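Right, one structure below, let's go through it.
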Amino acid sequence: MCGIVGYIGDNNALDIGIKGLRRLEYRGYDSAGLAIHNGNSVDCIKSVGKVDDLAQKIKDKDLKGNSIILHSRWATHGGVVEKNAHPHTDCKGNIFIVHNGIVENYKEIRAKLTSLGHKFVSETDSEVISHLIEHFYEGNLEEAVIKALKYIKGTYGLVVMSKDNPDRIVAARMFSPLVISVNEHGGFVASDPSAIISHSKRMIFLEDGEVAVIKKDDFIITDLESRVKDKQETELDWDIEEAQKGGYPHFMIKEIMEQSESVANSMRGRLIIEEGISKLGGIDSVKDKLKEIKKINILACGTSYYAGLIGEYLMEELAGIPTEVDFASEFRYRKFPTVADEAYLFISQSGETADSLAALKEIKKREALALGIVNVVGASIARETDAGVYNHAGPEIGVASTKAFTSQVVVLALMALFLGRQRNLSLADGKNIANDIAKLPILIQETLKNIKDIELLAKKYSGASNFLFVGRKYSYPVAMEGALKLKEISYIHSEGYSSGEMKHGPIALIDENFPTFAICPKDSVYEKTLSNIQEIKARNGKVIAITTMGNEEIKSLVDDVIYIPEVNEVLSPILSVIPVQVFAYYMAVSFGYNPDMPRNLAKSVTVE
Ligand code: G6P
């Protein structure tokens, strides 16, 4: 998830661009760059680090111009080095592009263009776009952009500038957001309104497959067949801070709401449904070793640890590989005897958690394979593991992890599918799982439709000082994660327990003031969890059930029901966790707490 800004007009383009880019820094801050057009030539300047580093680099340069494109990068393909920063250009220095998204078929395009004589300077997928546009360019910029886009598989929020066309910039969208505004101050384009809202509150949100030609006092939007589209402006009444949060009051709820998109990004280009398998480029180099793996040890902290617990069920069920999960913070105090052909899998959103890194250092002393599932590209854990998979969930700003969790579970499912198909998982079963994974973004959207009802539930239960969360099998880690979410942002004491263990202790706590969340989708252990719910009800405990749509019988047993769509049991945590995230969020908000900055907690815990 990168930040993009573009401007064309008579005002100070550099100033408008840099100020806009600063407001998008929350989308990525690995490197920043700009291309500015002065009517005759284009200056392109890039820098590793934040927008401040770029601003420092240009401060003594006399950069003037009437149009500018800028980019703040969240690395996906290629390390965090200057040559990988945007804008990217073509061989002649005529076309400049900034891109947010992933070009899935970039290797193929790059090979083809290289054979035609194009020279590439970066390791990025994005650079193929500038060369592809160059390939098709015959004097009409928008025509060349459209021709190039027809070859691109993947996602893009794209803004293009050309030395030969100083009067326009061209923007295009496919799954990565872009908004434009043209008014008396000029033409603007950005990844989200926060970058340009100080110049205009009237915005046009581009849709997938739309291309905009933006001039200083005019614009035209077409589809990829060059048919003109009639678009309505939207008047926003957001301030800048609200705009950065996409109009939501907090990053946490924004991140909860974007899980359909982040999960889609985590699986994009990674599923080969007809072969019932996943394709994970980051572990390709160790695939022969993976075939021999007899045991997996998952190490992680916090929410990533709970994702790991789901990973244990997935690896054992789909791949038949014995799997053990431990807190990275505890692992180092155990003897943890080495066994032959084992792998260690580190899960970390930040890739910088001190305890996880310390455990990784221990592992490196052994001859075991170290793998990572990391969201932040280039983070220490990603660099120090032998191989791994990036989440591509985009930056997570809210301290309480939400979209990283669902993305981690998706990546674990993809990995388990891959390892399973290397072993005994049949083609038919592999196809079923792959199909079910592919449906998740739609099912997440369905799940999120309940949000208003959950807000009301949070109000209803806001008088409770304690909560119990229970679940069995795949829902057990969700119960643990639900309790963690509630305690970390609303400071309500909550315990996550396995439904089966409840009768060995926590049930003693139950009375009419101690409500329970029962995570009980209609899965292979549903009946058993139902019995546990009955035990709670027999002790006057209130129960909120999260169950599968169509389950009417449960209504007469529990106090409140939250429905999630029907889904393969092995993927159910990705849906059932969403209501508990939303509940915790609204609980915190109802007490007036800021869920983005809970007391005593930090996003990335770099101390032991
Ligand atoms: C902190 C964060 C949690 C996160 C945990 C592990 O406690 O507040 O949201 O789950 O660290 O972080 P990691 O970056 O390793 O996933």
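Keep in mind the model is a prediction, meaning the values are calculated, not measured. In each ligand, atom 1 is the first atom listed, and ligand 1 is the first ligand listed.
One N or O on the side chain of Ser191 and one on the backbone of Ile4 form a donor-acceptor pair closer than 3.5 Å. Under the 3.5 Å distance criterion, the side-chain polar atoms of Asp125 are matched with a main-chain donor or acceptor of Val103.
Within ligand 1, the atoms closer than 4.0 Å to a non-hydrogen atom of Ser304 are 10 (O), 13 (P), 16 (O), numbered from 1 in the order shown. Numbered from 1 in the order shown, with element, the atoms of ligand 1 that lie under 4.0 Å from a heavy atom of Thr303 read 10 (O). Annotation for ligand 1: atoms under 4.0 Å from non-hydrogen atoms of Ser401 are 9 (O). Contact atoms of ligand 1 toward Ser348: 13 (P), 14 (O), 15 (O), 16 (O) (distance under 4.0 Å to a heavy atom of the residue).
Salt-bridge check for Asp52 with Arg22: passed, with a basic side-chain N closer than 4.0 Å to an acidic carboxylate O.
The residue from Cys301, Ala328, Ala404, Ala400 that puts a heavy atom closest to atom 5 (C) of ligand 1 is Cys301.
Contact check for Tyr563 versus Thr548: no side-chain heavy atoms found under the 4.5 Å cut-off. Pro598 has its side chain out of reach of Tyr593: every pair of non-hydrogen atoms, C-beta onward, lies at least 4.5 Å apart.
Residue Gln349 places at least one N or O, backbone or side chain, under 3.5 Å from an N or O of ligand 1.
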